[in-house]
Amino acid sequence: MSVEEVFVHVGLDDFDSPLGGCTTHLASILVEHLDHEVEFIDYPNLVRLNPNIPWKTRGNGAVALRFKVSRAKLDEVLSLVFRTANSYVHEIGLHPKSQPCIAVYTSVVRGIDRRLRWLSGKAVRDVIALDVALRTAERAGVLVKPVVEGRLRGVIGALAAIGNPLDDCDYTYELIAYRDRRYWGLRDRLVDYESVVEMDKATRNATFLNVDYEVGKALITPRGPDPVLFGIRGEDPEVLVDALRVVRCGEPIDRWLIFRTNQATDAHLVRVRSLGEVRVYRSVIAEGIVTSRPRVLRGGHVIVTISDGVNSIDVAAYEQTGRLTKVLKMLMPGDRVIVYGGVRPSSSRHGPTINLERIIVLEAIPEKLVHNPWCPMCGKTMKSKGRKAGYICKHCKITLPPSARVVVELDRSSITGTYYPPPRAYRHLMKPPERIGRENTGKPVKMVPCWHQP
Ligand code: ATP
């Protein structure tokens, strides 16, 4: 690279609001504006952060744009970014809860400051205080630009996006297509279900979570007022462009863009050595022994308690996780499990609870069925004479001691195994089973020539 050039990383977050708008949509507009001004060194990175953050709007996503530009042009390019972001917010209307923010990190080498990497790792797995984020920005020399003076929370996500260039971890891609402004706010997306099925079948193994065949539902379309028409997730950007051509829509596609992302990589999960290490608002992988019978709540949610011998915690499977509720219902005290999920804080009605995303049943103990003995004379089932009082045959009047009870051990080992939720219950960071063994590492492949429109 010429000494006259610098690497620029622009982090964006909190541009989405219940009034419309979305951080990824702003990113697609910025890409259009910057395309002839700079040289992009990567696809925009869509970095999903801690899914348990209570103040997120939807999927807790932040975006980083990464490009090279000549020093002479840097100021002009950055003021274009700030102007575009400001007018985006003002055009949509600023929601009282939004704290949109831009962060800019420039460097003569391609690498990212280790403090930003640390912050990013923490932001996907934990909660970050604003002052910690601001201090990190200052130390790493990051320029922080809130759209509204004093509303700074978006800086956490903006810095975290910059700090994860997805260069030493698993990653996937998502092609997001956006709606024409006239369609914003309409809940239903006019996307033809049959064409999504066609696309899914044509791109099998290279795309994932397109359709939930159990309920006949396309999963590529969101529900809310945001400008996203659909998103196709996959392993290969070229295949995503092919997939886009197969999907038929009854409304126009205004623009589209391919992101590289940490979605579907399980980046949020932290394995704990004991239940004492489980903290609220984190996502954990924890092992324990079931200590309660499953409790089924109104609405179909199921709860069991697990323990490691010292600490215990409730594990909940929600009705919409379908088969996970069925697995919890089959568990018995004594079974050994590994649970995956986000930790919800306690409320007036329950203690801290792990919201189940996946479960491995390691060991299912045999179920002991106790049966009254049969009469040695007539063969009929004997009656109990009361607790610890033994048995009597009503016909022959023969009695037997309590030890004569028949104990049958029912083998339950067939329920051991790993269980995932149905595709419709996936959240952004959860890795679907079809991705296991397909993990990416290291640098991204070369960018495909056509990765955005316009
Ligand atoms: P969308 O998925 O549509 O982009 P969102 O769910 O990302 O919406 P935001 O409006 O971006 O919602 O809100 C998330 C807010 O939480 C941002 O202000 C972000 O800076 C902050 N945040 C993200 N991760 C963390 C974290 N780990 N600790 C503290 N704050 C965080």
Side-chain angles (χ1 to χ4, degrees), residues 10-30 44-64 85 88-89 92-103 116-137 142 144-148 150-164 174 176 178-179 184 221-231 233 257 259 261-264 267-270 279-283 342-343 345 426-430:
V10 176
L12 309 164
D13 197 15
D14 227 339
F15 283 86
D16 42 304
S17 93
L19 304 170
C22 162
T23 306
T24 68
H25 184 244
L26 168 62
S28 83
I29 295 170
L30 285 171
N45 294 167
L46 167 54
V47 179
R48 294 286 173 186
L49 303 171
N50 187 344
N52 310 305
I53 289 293
W55 47 87
K56 67 180 182 171
T57 316
R58 283 181 291 266
N60 203 7
V63 174
Y88 187 80
V89 169
I92 286 159
L94 184 67
H95 189 265
K97 279 188 170 170
S98 299
Q99 307 208 10
C101 226
I102 303 168
L116 293 172
R117 283 183 183 266
W118 168 83
L119 186 97
S120 187
K122 194 168 163 64
V124 73
R125 299 184 194 104
D126 205 346
V127 183
I128 292 181
L130 182 58
D131 62 328
V132 171
L134 291 172
R135 224 177 306 132
T136 309
V142 176
V144 173
K145 271 266 189 195
V147 171
V148 183
R151 287 211 213 167
L152 275 160
R153 202 177 54 212
V155 73
I156 302 170
L159 293 171
I162 293 174
N164 186 1
E174 180 165 2
I176 304 186
Y178 298 93
R179 316 179 89 175
W184 289 21
T221 47
R223 303 254 125 226
D226 55 290
V228 174
L229 179 55
F230 60 80
R233 290 150 287 197
L257 174 65
F259 293 88
T261 170
N262 63 349
Q263 288 174 170
H268 58 313
L269 293 164
V270 176
R279 300 278 177 275
V280 295
Y281 298 126
R282 293 193 193 169
S283 299
V343 188
Y426 271 77
R427 295 198 294 173
H428 296 290
L429 281 162
M430 290 160 63

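From a predicted model like this one, the values you see are computed outputs, not experimental measurements. Hydrogens, waters and symmetry mates play no part in the numbers below; they use all other heavy atoms, side chains included. We count ligands from 1, going down the list as the structure has it; atoms in each ligand are counted the same way.
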Undergrad: Around atom 12 (O) of ligand 1, find the nearest protein heavy atom and jot down its residue, atom name and distance.
TA: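 Checking every protein heavy atom, the shortest distance to atom 12 (O) of ligand 1 gives Thr57 N, 2.9 Å.
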Undergrad: So, regarding Asp16 and ligand 1 (criterion: nitrogen or oxygen to nitrogen or oxygen, under 3.5 Å), is there a contact or not?
TA: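 Yes; the residue has a nitrogen or oxygen that sits under 3.5 Å from a nitrogen or oxygen of the ligand.
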Undergrad: Would one find an N or O of Val124, backbone or side chain, under 3.5 Å from an N or O of ligand 1?
TA: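 No; every N/O pair is 3.5 Å or more apart.
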Undergrad: Identify the closest protein heavy atom to atom 19 (C) of ligand 1: which residue and atom is it, and at what distance?
TA: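 Result for atom 19 (C) of ligand 1: Asp13 OD2, 3.1 Å.
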Undergrad: Could an N or O of ligand 1 be found under 3.5 Å from any N or O of Lys56, whether backbone or side chain?
TA: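 It does not: no N or O of Lys56 is found under 3.5 Å from an N or O of ligand 1.
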Undergrad: Could you give the distance from CG (Leu159) to CG (Asn164), rounded to the nearest 0.5 Å?
TA: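 Answer for the CG-CG pair, Leu159 versus Asn164, is 13.0 Å.
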Undergrad: Can you tell me which portion of Ile53 lies within the under-4.0 Å heavy-atom range of ligand 1? Options are side chain, backbone, both, or neither.
TA: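 Under 4.0 Å from ligand 1, Ile53 contributes side-chain atoms alone.
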Undergrad: Taking Arg125 for the side chain and Ala267 for the main chain, is one N or O donor matched with an acceptor at less than 3.5 Å?
TA: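 Such a contact is found between Arg125 side chain and Ala267 backbone.
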Undergrad: Nearest non-hydrogen atom to atom 10 (O) of ligand 1 belongs to which of Asn60, Val132, Asp14, Leu46?
TA: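 Considering heavy atoms of Asn60, Val132, Asp14, Leu46, the nearest to atom 10 (O) of ligand 1 sits in Asp14.
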Undergrad: Is a side-chain N or O of Tyr178 found less than 3.5 angstrom from the main chain of Thr24, in a donor-acceptor match?
TA: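 Answer holds: yes.
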Undergrad: Report yes or no: does Gln99 contribute a side-chain atom to a donor-acceptor pair with the main-chain N or O of Leu152 at less than 3.5 Å?
TA: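 Yes; at least one donor-acceptor contact below 3.5 Å.
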Undergrad: Once rounded to the nearest 0.5 Å, what's the spacing between atom CD1 of Ile102 and atom CZ of Phe15?
TA: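 Going from the CD1 atom of Ile102 to the CZ atom of Phe15 covers 4.5 Å.
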Undergrad: Of all the heavy-atom pairs spanning Asp14 and Ser98, show the shortest one and how long it is.
TA: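 Shortest heavy-atom separation between Asp14 and Ser98 comes out as O-CB, 4.0 Å.
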Undergrad: Any idea which protein heavy atom is nearest atom 15 (C) of ligand 1, and the distance to it?
TA: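 Checked against all protein heavy atoms, atom 15 (C) of ligand 1 sits closest to Trp55 CD1, 3.7 Å.
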Undergrad: I want to know if ligand 1 touches Val127 in the polar sense, i.e. an N/O pair below 3.5 angstrom.
TA: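 Among all N and O atoms of Val127, none is under 3.5 Å from an N or O of ligand 1.
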Undergrad: Give the atoms of ligand 1, by number and element, whose distance to some non-hydrogen atom of Arg153 is under 4.0 Å.
TA: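 Result: 18 (O), 19 (C), 20 (O).
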Undergrad: Taking only non-hydrogen atoms of Cys22, do any sit less than 4.0 angstrom from ligand 1?
TA: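 Contact check Cys22 vs ligand 1: negative.
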Undergrad: Looking at atom 27 (N) of ligand 1, what's its closest protein heavy atom, distance included?
TA: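 The closest heavy atom on the protein side is Asp126 O, 2.7 Å.
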Undergrad: Is it true that Arg125 lies under 4.0 Å from ligand 1, counting heavy atoms only?
TA: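 Under 4.0 Å: no for Arg125.
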Undergrad: Can you figure out which of Pro51, Gly154, Pro54, Gly59 has its heavy atom closest to atom 2 (O) of ligand 1?
TA: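 Checking each option, the heavy atom nearest atom 2 (O) of ligand 1 is found in Gly59.
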Undergrad: Which atoms of ligand 1 have any heavy atom of Leu49 under 4.0 Å away?
TA: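 Counting atoms of ligand 1 from 1, those under 4.0 Å from Leu49 are 23 (C), 24 (N).
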Undergrad: Considering the heavy atoms of Gly157, write down every atom of ligand 1 situated less than 4.0 Å from one of them.
TA: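 Going through ligand 1 atom by atom, the ones under 4.0 Å from Gly157 are 19 (C), 20 (O).
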Undergrad: With a 3.5 Å distance limit and no angle check, can you tell me whether Ser120 reaches the backbone of Leu116 through a side-chain donor-acceptor pair?
TA: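 No; judged by distance alone, with no hydrogens or angles, the pair does not exist.
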Undergrad: Between Asn60 and Asn50, is there a donor-acceptor pair closer than 3.5 Å when you use the side chain of the first and the backbone of the second?
TA: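 Present.
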Undergrad: Using a 6.0 Å cut-off, check whether atom NZ of Lys56 has over 12 heavy atoms from anything other than its own residue.
TA: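 Count over threshold, so yes.
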Undergrad: In terms of the angle between their ring planes, are His25 and Tyr88 parallel, tilted or perpendicular, with boundaries placed at 30° and 60°?
TA: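 Answer is tilted, since the angle falls between 30° and 60°.
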Undergrad: For atom 28 (N) of ligand 1, what is the closest protein heavy atom, and at what distance to 0.1 Å?
TA: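 Here the closest protein heavy atom is Ile128 N, 2.8 Å.
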Undergrad: What atoms in ligand 1 come closer than 4.0 Å to a heavy atom of Arg48?
TA: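 Those of ligand 1 that fall under 4.0 Å from Arg48 are 2 (O).
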Undergrad: Between Arg151 and ligand 1, which residue portion shows a heavy-atom distance shorter than 4.0 Å: side chain, backbone, both, or neither?
TA: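 For Arg151, no heavy atom sits under 4.0 Å from ligand 1.
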Undergrad: With no hydrogens and no angle check, just 3.5 Å: does a side-chain donor-acceptor pair link Asp16 and Thr23?
TA: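 Yes.
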Undergrad: Can an N or O of Gly61 be found at a distance shorter than 3.5 Å from an N or O of ligand 1?
TA: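 In this structure, Gly61 places an N or O atom under 3.5 Å from an N or O of ligand 1.
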Undergrad: Within the distance-only criterion (no hydrogens, no angle test), does the side chain of Arg48 pair as donor or acceptor with the backbone N or O of Thr261 below 3.5 angstrom?
TA: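 Side chain of Arg48 to backbone of Thr261: no pair is present.
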